[in-house]
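Below is one structure, written out as structure tokens; the observations come after it.
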Amino acid sequence: MSVRPRCDRTLAWRALQGHYQAHGRTLDLREAFARDAGRVDAFSCQAPEVFADLSKNLWDLATHKLLIELAGECGLAERRDAMFAGEAINTTEGRAALHTALRAPRGSGAPFANEVHAVLDAMLAYAEQVRDTAASGIRDVVNIGIGGSDLGPQMVVPALHGVAHPQIRFHFVSNVDGHDITPVLQRLQPASTLFVIASKTFTTQETMANAAVARQWFVDQGGRDIARHFVGTTTNLAAAAEFGITTTFGFWDWVGGRYSMWSAIGLPIAIAVGAGHFRALLAGAHAMDRHFATEPFERNLPVLLGLLDVWYRNFHGFTSRSVAPYHQGLKRLPAYLQQLEMESNGKGIDREGRPVGYATAPVIFGAEGTNAQHAFMQLLHQGPQAAAADFIDASVNERLSANALAQADALAYGTADATLPSYRRHPGNRPSSILKFKAFRPRDLGRLIALYEHKVFTQGVLWNINSFDQWGVELGKQMAQNHLSRST
Ligand code: F6P
């Protein structure tokens, strides 16, 4: 792969710096809308069934053009194609990053198609067996996993509640604190419970501890047939077998933990919604993959969102970004995106091993609307420093949509009313993006998640970092182990 200049040494970066000083810094959204009646059209982007209104961002046509030039100079197209082709772009671990292959339909030419579809078919057949509650007797599914082996299913199952199996309850246990697993176990009967032990490595301390607690509980409660009531989703089939698990659904080292909900890690989702809806979730993500792979950058939504983040982080100096999904079922989306964005791009060393010398991932925080409005939105409206905001309008109901739109309007326009006391005025000119879905079906959720994945990828390419490793979490794990061995 060709070596590209550092992003901050490109011509486009220099031009963006000049543009920021001359216009970007002082751009006023109210004036911009007053000047240009076509601003919404000019700054909107239609991706597969997601309409993005990006007009309330602090940019103009020149910013847009320069950011796209920056993506070109940083080799985004080449890197993107290398990811889809299965090149070992995760250089510190010598691995590909092929989550896109997990949702590619048969015959589409994606790498590892045979392996992927063999596991997918087997997993979905198993999920359907469990869903047949009269035959399986299963009424409770407990997913034991952490990080990427927890957050995807934990976020998706409630989001798709409307199409979920009405007689099976789902529980997600991740924390090594017994306060997580104990109240769950108290509500269960061994004969009607299925434990999914989800761990890519099958060595993660928290997951192994919780799995052992669950197994002990199962035996103590007179449970019979561990092999029938425990299933593993992992790349480490040998360790799962050692635990006593005989039913396992595997995946591969080229599936990153935080990109793994499309793999066997999605088993609880498949049990919840069934094979058809799971395939629709994958199809939605695949549609976004095609959009990312083929649309020119000017109309490529993940690219535009990634570029906006670079504009805010590296030129405006914003340190955080909020995300508010207007859909109660998506209440775990902010937590999911925290891992996706901060574990992927919270890096200070570039792909050549040098300190980056510029800011990378912002802090991501959020909550479901409208609860977010009664929690942190105050700071976004009136705090002395601006931060960008994403509003996801999932069209659940009119009242929610109205609130999402109103928040974006209030941030952008503020209040000019000089008769109000200063503490009641809103400065306005605060940026936001609105992602609008026509409906919120499994395929829409697939699109949304893939959209954020590719946005994160875009940022990682511009910042020239490896978005697919996570060495920063290792030291703490080791040190916890040291503390443990000293105290026992
Ligand atoms: O938190 C670090 C991490 O390695 C995540 O990247 C991963 O999703 C999580 O731990 C769980 O790992 P595993 O699936 O191997 O148990």
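Atoms within each ligand, like the ligands themselves, are counted from 1 in listed order.
- Closer than 4.0 angstrom to ligand 1 sit non-hydrogen atoms from I146, G147, G148, S149, S199, K200, T201, T204, G257, Q339, E343, Q470, V473, K477.
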Could you give the side-chain donor-acceptor pairs of residues 263-272 under 3.5 Å, partners two or more places apart or in another chain?
residue : atom : partner : partner atom : Å
S263    : OG   : S260    : O            : 2.6
S263    : OG   : I265    : N            : 3.2

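- Salt bridge status for R279 with D121: present, with a side-chain N to carboxylate O gap under 4.0 Å.
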Tell me which donor-acceptor pairs under 3.5 Å the side chains of residues 445-452 have, and how far apart each pair is, sequence neighbours excluded?
residue : atom : partner : partner atom : Å
R447    : NE   : P48     : O            : 3.3
R447    : NH1  : D444    : OD1          : 3.4
Y452    : OH   : D390    : OD2          : 2.7

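- Between the side chain of K331 and the backbone N or O of H327 there is no donor-acceptor pair closer than 3.5 Å.
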Can you list, pair by pair, the side-chain donor-acceptor contacts under 3.5 Å of residues 222-233, counting residues two or more places apart and other chains?
residue : atom : partner : partner atom : Å
H229    : ND1  : P190    : O            : 3.2
H229    : ND1  : T193    : O            : 2.7

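- In summary, of the residues considered (Q339, E341, E343, E453), a side-chain hydrogen bond (donor to acceptor under 3.5 Å, both in side chains) with R258 occurs for E343 alone.
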